[in-house]
Engineer: 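Have a look at this one.
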Amino acid sequence: MLNHSPFANLKQDAPSSLVVFLVALPLCLGIALASGAPLFSGLIAGIIGGLIVAPLSGSPLGVSGPAAGLAVIVYGAIEELGAYPTFLAAVIVAGIVQVLLGVLKAGVIGYYFPSSVIKGMLSGIGIIIFLKQIPHAFGYDSTQEVGNYFDAITPSAALISMLGLGILILWERPFMKKMSFTTIIQGPLVVVVTGIVLKLYFDGKEGWELVGDQLVSIPVTEGLSGFIGQFTTPDFSAFLNPAIYTIGITMAVVASLETLLCVEATDKLDPYKRVTPTNRELLAQGAGNIVSGLVGGLPITQVIVRSSANIQSGGRTKASAFLHGALLLISAFAIPAVLNLIPLAALAAVLLIVGYKLAKPSMIIGMWKKGSNEFIPFAVTVLGIVLTDLLMGIALGLVVAIVSILWDNFKVPYKFDIRNYKAGDPIKIEFSEVVSFLNKASIQQTLDTIPPKTSVVLDASQTLRMHPDVNEIIEEFQVNAATKDITLELIGFEATVSETPMADFEEQVLQKPRATTSKVAKLFKKK
């Protein structure tokens, strides 16, 4: 039986925390790089994800930290706001919004976004991350024009990134996963270590040496006071800037969606099948983002890469996530000089794989096979994000998805096509379990095309709920059928539509041609 007490499962959680730390370290630095933020901010977010979010969260196996899904928003926000301390105010706003969402019990918000739009959002983010890392992968980190890329390539950076990609691809092969050491030594860590070794080897070799903006750059300080001085406080005057509220709300919505999707996936992977309270998770993530904004960190979400590594390496409780945060804190304090040996090309290799996994061709093909109703909103979201920005892409995808839903409700599987009708054939129209007001137009259109002197059966035997507006349409058709010599049979309408005898129609309607539709409806209600 699993012991739920804090640190009661250290035998399993401690080794797992080491694995998660080794996975998280390069990702924290890489996501900060992709976000255009100070690299130390990625470590801060990882530390807070472990030390602050994990204890507050109800997720036993989820691990939080900086997320690739927010990198595009962060990059654009920092450029728009002009300064990183100003952006930190937006992170605080995002945290406050998430806390409010938790208090309002909005943990089900993820269920109201179509999966096609969510997958499009992740794919669009993946494509942008992939494209932004190509210059780093080739050691090109200046502002030269695209045409000069080839002149600016650093051979050592290209070699490190290509070798890194090879290592990561190899680590994903089934035969490698069967080897026990791969559960402890993760591919990203091997890429980083390889990058450091090659960087040291190329030192002093003209044309191959990596310097300056081709390497991780974290301030190296002496003593605790110097380390604490690396943490950045927000520009509190920025709260007067309306732009930070738009950015903060955007980050809150995207971070909450990514967290809730991760929670769902993590719970499914949990061998003990525990269920994470989603409202509490939003509260925990909100608290983490408020703290992260106050001390200079990137925005935080629960992250599937680290969470799945935690599960695969045997983690049992949230102690594993907490300990991984402690290890990040120790490494940032004790070995910053070692971290500064990491080539950005090595981190770019890790992020190229992250971007590829978010937008892998197999997923795009899968969306295509699901049909136009799924693929079109997906494609619109992807193109919107890549060509404009994240918020606009999501908005465009949602609009297309909603229009698609409305169109589906307009269409009905029983639509009668006069062009395929053969004289004398009976017409049977079966209604679905729920017939809403959105079906009004299509039902009216179908009934209007039924020719005179035909036999029609309207079958609602499987219908559980029919909107009153649709009832009125059926009642009006009953009257109209009598004028067109249509033989009409109603099945299953006893509880919804009046079954006034045809003789009554002739007596009360046909002999009173001036009766209006509203009067006919009132007539049925009296009956």
Side-chain angles (χ1 to χ4, degrees), residues 24 27-28 31-32 35 37-38 40-59 62-78 81 84-104 106-107 109-110 231-236 238-239 241 243-263 276-304 306-307 318 321-322 325 328-329 390-391:
L27 287 177
C28 286
I31 291 167
S35 302
F40 192 71
S41 66
L43 293 176
I44 294 173
I47 293 166
I48 292 171
L51 300 185
I52 303 296
V53 176
L56 297 175
S57 169
S59 177
V63 182
S64 298
L70 288 171
V72 176
I73 300 178
V74 174
Y75 189 92
I78 295 173
L81 297 173
Y84 188 68
T86 305
F87 167 74
L88 293 177
V91 177
I92 296 173
V93 170
I96 293 171
V97 171
Q98 284 187 296
V99 169
L100 290 175
L101 289 174
V103 171
L104 295 173
I109 189 174
F231 292 82
T232 306
T233 56
D235 178 4
F236 290 100
F239 287 105
N241 182 354
I244 72 160
Y245 295 98
T246 302
I247 293 168
I249 292 171
T250 302
M251 288 194 296
V253 172
V254 176
S256 298
L257 279 174
E258 190 164 345
T259 291
L260 294 172
L261 291 171
C262 180
V263 163
T276 299
T278 52
N279 295 320
R280 179 177 169 182
E281 188 63 29
L282 289 178
L283 288 169
Q285 296 292 331
N289 276 317
I290 291 171
V291 175
S292 189
L294 287 171
V295 298
L298 290 174
I300 295 167
T301 73
Q302 191 176 127
V303 191
I304 191 59
R306 276 157 267 191
S307 300
K318 62 176 71 176
F322 179 84
L328 284 172
L329 177 62
L390 187 74
L391 189 59

Engineer: Looking at every non-hydrogen atom in both residues, tell me the closest pair between Leu70 and Met251 and how far apart they are.
Structural biologist: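 Scanning both residues completely, I find the closest heavy atoms to be CD2-O, 4.1 Å.
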
Engineer: Would you indicate whether Tyr75, at its atom OH, is surrounded by more than 12 heavy atoms from other residues, nucleotides or ligands within a distance under 6.0 Å?
Structural biologist: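 Open: at most 12 neighbouring heavy atoms sit under 6.0 Å from OH of Tyr75.
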
Engineer: Would you sort out whether Thr233 and Leu294 count as a side chain to side chain contact (heavy atoms under 4.5 Å, CB included), showing the intermediate values?
Structural biologist: CA-CA 5 Å; Thr233 56; Leu294 287 171; over 6 Å; no

Engineer: What closest approach, in Å, do Asn289 and Gln98 show between heavy atoms, and which atom pair accounts for it?
Structural biologist: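 Heavy-atom minimum between the residues: ND2-OE1, 2.6 Å.
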
Engineer: Whether the side chain of Ser292 engages the backbone of Leu298 through a donor-acceptor N/O pair (distance < 3.5 Å, no angle test) should be reported.
Structural biologist: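 Confirmed, Ser292 side chain pairs with Leu298 backbone.
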
Engineer: How close do Pro66 and Ala45 get, counting heavy atoms only, and between which atoms?
Structural biologist: CD-CB, 3.7 Å

Engineer: I need the single residue from Ile300, Leu56, Ile48 that forms a side chain to side chain contact (heavy atoms under 4.5 Å, CB included) with Ser64. Which is it?
Structural biologist: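 Among Ile300, Leu56, Ile48, the one meeting side chain to side chain contact (heavy atoms under 4.5 Å, CB included) with Ser64 is Ile300.
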
Engineer: Starting at CG of Leu88, measure out to CG of Asp235 and round the result to the nearest 0.5 Å.
Structural biologist: 9.5 Å

Engineer: Can you name the nearest heavy-atom pair linking Ala67 to Thr301, along with the distance?
Structural biologist: CB-OG1, 3.1 Å

Engineer: Please report the closest heavy-atom contact between Pro55 and Gly50, naming both atoms and the distance.
Structural biologist: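 So the minimum-distance heavy-atom pair works out to CD-O, 3.6 Å.
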
Engineer: Would you please classify the geometry between the Phe231 ring and the Phe40 ring as parallel, tilted or perpendicular, with 30° and 60° separating the classes?
Structural biologist: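 Because their plane-to-plane angle is over 60°, the rings of Phe40 and Phe231 count as perpendicular.
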
Engineer: Mind checking the CG-CD1 spacing from Leu329 to Ile47? Nearest 0.5 Å is all I need.
Structural biologist: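 It comes to 4.5 Å.
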
Engineer: For a side chain to side chain contact (heavy atoms under 4.5 Å, CB included) check, start with the C-alpha distance between Val295 and Thr232, then their side-chain angles and the critical distance, and finish with the verdict.
Structural biologist: CA-CA 5 Å; Val295 298; Thr232 306; over 6 Å; no

Engineer: List the atom of Pro234, the atom of Ala89, and the distance in Å for their closest heavy-atom pair.
Structural biologist: CB-N, 4.0 Å

Engineer: What's the spacing between Gln302 CD and Leu282 CG if we round to 0.5 Å?
Structural biologist: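 It comes to 11.0 Å.
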
Engineer: Rounded at 0.5 Å granularity, tell me how far CD1 in Ile247 sits from OG1 in Thr86.
Structural biologist: 10.0 Å

Engineer: Can you see whether Thr276 engages Glu281 through a side-chain donor-acceptor pair at a distance of less than 3.5 angstrom?
Structural biologist: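 Glu281 and Thr276 do not have a side-chain donor-acceptor pair below 3.5 Å.
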
Engineer: Is the side chain of Ser307 donor-acceptor paired with the backbone N or O of Val303 at a distance under 3.5 Å, no angle test?
Structural biologist: yes

Engineer: Nearest 0.5 Å, what's the CG-OG1 distance between Leu101 and Thr278?
Structural biologist: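 If I round to the nearest 0.5 Å, the distance is 11.0 Å.
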
Engineer: Can a donor-acceptor pair be found, under 3.5 Å and without considering hydrogens, that links the side chain of Lys318 to the backbone of Ser57?
Structural biologist: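 At least one qualifying donor-acceptor pair exists.
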
Engineer: Let me confirm one number: the CZ-CD1 distance from Phe87 to Ile78, rounded to the nearest 0.5 Å.
Structural biologist: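 Going from the CZ atom of Phe87 to the CD1 atom of Ile78 covers 5.0 Å.
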
